[in-house]
Student: 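Quick one: this structure, given as structure tokens, is what I'll be asking you about.
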Amino acid sequence: MTNRSGQLYLNNGASSFPKPERVLREVDRYLRGIPAQPGRGSGGCPTDDPVGECRARLAKLFLAGSPENIVFTSGATESLNLAIRGLHLDGAHVITTAIEHNSVLRPLYLLEQDSRISLTIVGCDQSGWVDPESILESIQPDTRLVAISHCSNVTGQVQDIEAIGTIAREHGILMLVDAAQSAGAVDINLTTLPIDLLAFTGHKAMWGLPGIGGLYIRPGLYLEPLKTGGSGIKSALLHQPPERPLLYEAGTLNMPGIVSLKAGLDEIEAIGKTAFQRRAAVQRRRLEDGLREIEGVTVYGASGPNDTQPLVSFRQSGLTPEETSYILQESYGIICRSGLHCAPLIHEYLGSAPDGTVRISPSWFTTDEELVGCLDAIRETALAGVAQ
Amino acid sequence: MKIVEIQRLDDCLGRSIIREVHFDEPIDSAFIKHLGHCGKLSYFKEFARPFFRLELPGHCTFKGVEGALSGRLVLTGDPDLAVSAFRQVVTRFDRSQGDRSKVTSGHKSHPPQ
């Protein structure tokens, strides 16, 4: 959607823009009212419980059972850190993959650097697809955790987390899924999927504000909290209350973020998940097909039947990704993203190292005309590559 | 034309070392013509906002659009030497001489007329 400055924002893979009017309205309403803090005494409307409502909404979206299986965090990064550090993996072997974002890789590399875990990085193919068989082949007697992204933030490739999770469960290994890109955009059924921990953020497909996210923790699974402190209730206790979600939610919650996330989820429900996903799939197909028709463009990632994410990576002959995105932004007012996308390992497998790719990620609000305009601009931009 | 700030850009922009160069006045056709004297210049008038790229081999690439108050410097050589080389390019610009400069682009781009 073009903003007031005439810029077209196609970087929704990083953070969604614009937010639906419902989100803006609800956040505005919250900020203008007396702050409601659940369990923190007076203030706010006594019938309002945005925290409980949002938690219930998320549990419903992911079919996660009790809402208390969902804990709020500042985003996927905090969720992943809570999961990885909270499991106490000392002495264990961990499997992760080349498609991962640094929010998975860096906490794991830190543990490996401190000689607390051994780590296997499983590769992917040229579309960013991780073969479940390669996970199976990497299992060792002391493997305790498989950590994998549901959807690559570089190619949009959706992984077969059911197959990988089944392998993990059959071997008594915990399964952590990074759903930062997929939550809200791709169906996730935690009732049937063999997933122990699911990390998500609220500011991408779910239209919340930056700074809100969460972690699903399977019932019965204990994590050491990352932080301890005020919980609003049970203040006489000198230790963190042991029950969920209080155990993991010390400190003041990000109420505007929670209100925005709830409103975003309401909007998705109002649109209808099927319509939402169908439009995203059509946008992806249009973009990918359009890009493949442009001379000198290499598209990264394949569109399988489950790859509904409107997110496509590409490069242009004769131009670095940084140069392509710079021209698109400065000459055409099209905002996209270039580089490694904080996923440094996948590019060796895609063939896009060391500079990475240009990533275009439209949203529900992006019109067909805007996508056509973007493709036209990329076609013109190719001239600069020819001149190199 | 003076450089008012050279800003470091720290982002997931691959492995390039990149600076944003801010000027005290907009980049105009006279300045772009001047760049043509200093290295290999490409100029794309047909883009929605005319785009240029100057290559200073061994040092850096400088690119931007006409009318902007800043451009992007991609450092390909030693960062200090590259920035210094680019500063000299800007310092040598004499607006009164700008229109008499010739652009040497050597490809199908369209230099400023």
Student: Heavy atoms only: give me the nearest Ser70(B)-Tyr326(A) pair and the separation to one decimal.
Tutor: O-OH, 4.3 Å

Student: Could you tell me the separation between the CZ atom of Arg49(B) and the CD1 atom of Ile327(A), rounded to the nearest 0.5 Å?
Tutor: 13.0 Å

Student: Check this for me: Arg379(A), atom CZ, are more than 12 non-hydrogen atoms of other residues, nucleotides or ligands nearer than 6.0 Å?
Tutor: yes

Student: From Glu323(A) CD over to Phe51(B) CZ, what is the distance, rounded to the nearest 0.5 angstrom?
Tutor: 5.0 Å

Student: Apply ring pair (Phe, Tyr, Trp, His ring centres under 6.0 Å) to Tyr349(A) and list each qualifying residue two or more places apart in sequence or on a separate chain.
Tutor: none

Student: Could you work out, with side-chain hydrogen bond (donor to acceptor under 3.5 Å, both in side chains) as the rule, every residue matching Arg286(A), not counting sequence neighbours?
Tutor: Asp368(A)

Student: Lys63(B) and Glu330(A): side chain to side chain contact (heavy atoms under 4.5 Å, CB included), yes or no, with the steps?
Tutor: CA-CA 10 Å; Lys63(B) 60 198 168 194; Glu330(A) 297 300 321; over 6 Å; no

Student: With a 6.0 Å cut-off (strictly less than), is the heavy-atom count around CD of Gln126(A), excluding the residue itself, greater than 12?
Tutor: no

Student: Minimum heavy-atom separation for Ser331(A) to Ala48(B), with atom names?
Tutor: O-CB, 2.9 Å

